[in-house]
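For reference, the structure is listed below as C-alpha cells.
Residue numbers start from 1 in every chain, and the chains themselves are labelled A, B, ... in the order their sequence lines are given, proteins ahead of strands. In what follows, every heavy atom counts, from backbone to side chain, and hydrogens, waters and symmetry copies are set aside.
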Amino acid sequence: MEETHALFETRRQKMLALREKGVAPYGQRFEATGSIAEVRGRFADGRCERIAGRITAHRDMGKSHFLDLTDSTGRLQIFVHAKEVGPDAYAIFQLLDIGDFLGVEGEAFTTKTGELTLRVKELTVLSKALRPMPDKWHGLADVELRYRQRYLDLLANPESKTVFKQRIAIIREIRHFLEDRGFLEVETPMMQPVAGGAAAEPFKTHHNALNMDLYLRIAPELYLKRLLVGGFDRVFELNRSFRNEGVSRRHNPEFTMLEAYWAYADFEQMADMVEEMVTTIAEKVIGTLQVEHKDAEGKVVRTINLARPWRRAPYKDLVEEAVPGWFSLTPEGRRDKCRELKIEISAEMADFEVTQHVFEKLVEEKTFDPCFVTHCPQELVPLAKPNPADPSVVDVYELVMNGQEISPGYSELNDPIVQRRRLEEQAGEEKQKIDEDFLTALEHGMPPAGGIGIGLDRLTMMLTGAESIRDVILFPHMKGRG
RNA sequence: GGGUUGGUAGCUCAAUGGUAGAGCAGCGCCCUUUUAAGGCGUUGGUUGUGGGUUCGAGUCCCACCCAACCCA
C-alpha cells in the first residue's frame with residue numbers, strides 16, 4: 001500500500017487544498033453541545049446544536065447533501081446545502097470525504113421520512129482521513145485484517161465492538177463483585193527474578209542497570225500469597241500474564257487472568273463464590289443465564305445453561321460416567337480401551353496421564369454447562385493440599401464449561417516444608433527455578449486460604465459466544481508480515 | 001511441527017489453461033428531503049513472493065510468506 005496510491009493521493013490533494021484555503025485539516029478542540037446520543041435524546045425541531053463525529057455516509061442529491069455523523073454514542077444525519085452554509089463553507093465541504101472528522105452547528109429538523117437531522121449552518125474540519133474506510137455495507141470480512149487493523153474492524157463491524165464492550169463490562173463487574181466482598185485489588189511484579197506459580201515457559205528479559213535476568217510472570221500467585229503472609233486477608237489481581245508457548249484458537253502469549261485469595265476459606269467456598277460471581281456477571285452484562293453460541297450463519301450451535309446450582313462431581317465419577325468400568329480395568333485394559341474409543345495415547349504416558357487424556361476428550365470437551373470437577377488426582381495438581389480423608393486426591397476444583405477448563409480453585413498449601421519439597425521435585429536439577437524468597441515468606445506463616453484463577457479471555461469467550469481468543473483480545477499476537 | 005483451505009482493485013467478491021471482471025468506494029456530469037439514494041460516464045491490477053511447465057498461467061507443478069480451521 002504505497003502512499004502514492006490514487007485513492008490516497010486524491011485525499012492528500014484535498015487535504016492540501018484545505019490548507020490553501022486557510023483551513024487546518026487537523027483541527028483543535030471542538031465544543032459540542034452534547035454527544036450524538038444526548039442530542040438525539042432531547043431532539044426538538046428548531047433547536048440549535050453542535051455535534052462532532054466521523055462522516056460515515058454521504059448521500060449526494062446535487063445541491064442537497066445528507067451525511068451521517070457518527071460518534072461513540074450513535075449516528076445523526078446532517079443536511080448540508082450551499083444556501084445554508086454559504087459559498088466558502090460549501091467549497092470546503094466539497095473537499096470532505098467519508099471517514100473525515102467534522103464538527104457542525106445547525107438547527108434540528110425532521111425530514112419527511114421522519115429522520116432526525118441537523119440543518120448545518122457552520123462546519124469545522126476536525127481531521128482529514130487519508131485512507132478510505134472499509135466497505136460500508138459488507139464491513140470488513142478478512143479475518144487477518146480484522147486482527148491486524150482492529151480499528152477498522154471496530155469501525156466497520158458493530159458486533160465486534162459489542163464483544164469488546166461486553167469484555168470491558170465483565171472486567172468492571174468482576175472488580176465490583178470482589179470489592180463488594182472486601183477483596184483488595186493489588187498490583188504485583190510482572191517482571192520476576194523467578195517465574196513461579198505455574199508450569200509454563202516464560203519470556204525472558206534483562207535489566208541493564210542491575211545486570212540481572214528477569215522473567216515476565218506466568219502467574220501472580222506467589223506474590224499474592226506473600227500478601228496473605230503480610231496480613232492482607234482478601235486480595236485479587238486482574239491483569240496480564242505471559243507464557244512463551246504456542247498460539248492457537250485458545251492461546252495468546254499474553255492473556256488476562258484473575259487470581260483471588262481468601263484467608264481462612266477453602267476451595268469449596270471459592271467454588272461458591274465463582275458460581276455466584278459468574279452468574280451475577282452473566283445477568284448484568286449478557287442479560288441471561290442461557291448463553292447462545294452461534295455459527296457463521298447465525299444458527300445456534302449450543303446453549304450454555306448457567307442456572308444455579310452448578311454441578312459438582314468428583315473426577316473419578318465423571319470418568320466412570322464417560323467410560324463405565326474404567327477404574328476396574330487394568331492399566332493395559334485402559335490402553336486397549338483407548339484404542340477402541342479411538343483416543344490417541346502414547347506408550348510413554350503414565351497411567352494417570354492416560355486417564356487424564358480420556359477425561360479431556362470425553363468429559364472436558366463435551367461439558368458445556370458449568371461443572372466443578374472435584375477430588376482431582378494428586379499427580380495432576382502437585383501444588384495443592386491433599387484431601388484429609390483420601391490423600392490420593394487433592395482439595396481442588398477445576399471448573400469446566402464451554403468445553404474448556406475455565407478456572408481452577410484450591411485450598412492453598414501453606415505448609416512451608418511440604419511446599420519446599422514440592423517445588424524442589426518440580427524444579428529437579430534446575431534449583432534456580434525455586435523462589436526462595438517465597439518459601440521464606442511461607443516460613444513466616446501463611447493462613448489457610450482458598451484461591452482461584454480465572455482466565456478472563458476464556459470466560460469472555462464463553463459469555464460472548466466468541467469461538468477464538470482473538471475475537472476477545474483487541475490486539476491479538478500476530479506474526480510479522482512477510 | 002503435520003494436514004486441509006484460502007490470499008485477485010481501497011473494501012466485498014467473480015473469472016474451463018485462452019483479452020483479468022462486477023458491486024461499493026473514488027473521479028466527472030445530472031438531480032433541493034435522501035436512508036446501501038438514484039441515473040449516465042469513467043479511473044483503478046506485477047492476481048501474496050520467487051521459480052518452473054506451456055504457444056499461452058489468476059488457474060497446473062515446486063519452494064517460501066501470511067491467515068483460518070483441524071490434528072499433535
Side-chain angles (χ1 to χ4, degrees), chain A residues 1-15 17 45 54-70 74-85 90 93-100 106-120 128-158 245-252 295-296 301 338 342-349 353 357 360-361 365 403 466-471 476-482:
Chain A
M1 209 187 288
E2 301 98 69
E3 300 197 344
T4 50
H5 191 278
L7 295 177
F8 187 98
E9 188 53 28
T10 304
R11 283 174 177 246
R12 201 177 69 89
Q13 290 302 331
K14 289 178 179 174
M15 182 270 288
D45 281 2
R54 196 192 275 271
I55 299 171
T56 49
H58 180 194
R59 293 174 287 280
D60 179 357
M61 305 289 298
K63 293 195 177 64
S64 292
H65 301 263
F66 293 91
L67 295 88
D68 289 342
L69 227 51
T70 303
R75 175 197 70 86
L76 188 65
Q77 177 167 271
I78 62 171
F79 173 76
V80 177
H81 191 284
K83 227 164 55 187
E84 303 283 349
V85 295
Y90 191 72
F93 168 75
Q94 286 176 309
L95 295 170
L96 298 180
D97 288 295
I98 289 173
D100 294 351
E107 186 188 290
F109 78 105
T110 307
T111 65
K112 66 183 180 192
T113 53
E115 182 83 15
L116 304 184
T117 306
L118 281 190
R119 179 182 284 110
V120 174
K128 183 75 196 160
L130 297 180
R131 294 184 191 271
M133 299 273 282
D135 191 289
K136 64 179 174 185
W137 185 243
H138 297 96
L140 191 66
D142 184 326
V143 289
E144 189 172 349
L145 282 184
R146 288 184 48 221
Y147 297 151
R148 288 190 193 275
Q149 293 181 275
R150 180 69 83 186
Y151 46 93
L152 295 180
D153 178 41
L154 294 170
L155 287 171
N157 302 322
E245 291 169 358
V247 172
S248 80
R249 203 163 59 86
R250 295 175 182 186
H251 298 87
N252 197 62
D295 63 14
V301 288
C338 281
K342 296 200 161 56
I343 292 171
E344 286 180 39
I345 49 162
S346 63
E348 312 87 69
M349 280 183 173
E353 288 175 310
H357 211 61
E360 284 170 8
K361 292 288 162 195
E365 288 183 13
E467 303 300 341
S468 168
I469 198 168
R470 289 181 163 181
D471 293 324
H477 179 76
M478 300 288 279
K479 243 180 168 176
R481 277 193 245 217

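Of the candidates B:U12, B:C66, B:U35, the closest approach to any side-chain atom of A:R75 belongs to B:U35. Across B:A67, B:C11, B:U35, the shortest atom-to-atom separation from the side chain of A:K479 is found for B:A67. Minimum atom distance to the side chain of A:K361 is reached by B:A72, of the listed B:A72, B:U35, B:G26. With B:U12, B:C27, B:U35 as the choices, the nucleotide that has an atom nearest any side-chain atom of A:E115 turns out to be B:U35. In this structure, the nucleotide among B:G10, B:A72, B:C27 sitting nearest to the side chain of A:P132 is B:G10. For A:K112, the side-chain atoms get nearest to B:U34 when compared with the rest of B:G23, B:U34, B:A36. When each of B:C27, B:U12, B:U33 is scored by its nearest atom to the side-chain atoms of A:D97, the top-ranked nucleotide is B:C27. Closest to the side chain of A:H5, out of B:U33, B:G10, B:U35, is B:G10. Residue A:R59 has its side chain nearest to B:U34 when only B:C27, B:U34, B:A67 are considered. Nearest to the side-chain atoms of A:D135 among the listed nucleotides B:U34, B:U32, B:U12 stands B:U12.
In summary, of the residues considered (A:M133, A:K128, A:M15), a side-chain contact (heavy atoms from CB on, under 4.5 Å) with A:D100 occurs for A:K128 alone.
Comparing the same atom, C1', in B:U43 and in B:G26 gives a spacing of 8 Å after rounding to whole Å.
Note on A:M478: only backbone sugar-phosphate atoms sit closer than 4.0 angstrom, heavy atoms only; bases stay farther off. Within 4.0 Å (heavy atoms only), A:L140 reaches sugar-phosphate atoms of the nucleic acid but no base atom. At the heavy-atom level, A:F79 lies nowhere under 4.0 Å from the strands shown. Contacts of A:R146 with the nucleic acid, taken as non-hydrogen atoms under 4.0 Å apart, are absent. Nucleic acid contact for A:D60: base, since at least one base atom lies under 4.0 Å from a heavy atom of the residue.
Rounded to an integer number of Å, the gap from A:F66 CZ to B:U32 C1' is 8 Å.
Note on A:R250 versus A:E365: no salt bridge recorded, every NZ/NE/NH1/NH2 to OD/OE distance being 4.0 Å or above.
Contact detail for A:N252 and A:H477: the closest heavy-atom pair is OD1-N, 3.1 Å.
Side-chain N/O atoms of A:K14 include one lying less than 4.0 angstrom from OP1 or OP2 on B:C27. Contact annotation: A:K136 reaches the phosphate of B:A25 (side-chain N/O to OP1 or OP2, under 4.0 Å).
Nearest-nucleotide positions on RNA chain B for A:R249 and A:T110 put A:T110 closer to the 5' end. Mapping A:Q94 and A:H138 onto RNA chain B by nearest heavy atom places A:H138 at the nucleotide closer to the 5' end.
The aromatic rings of A:F66 and A:F79 sit tilted relative to each other, their planes meeting at an angle between 30° and 60°.
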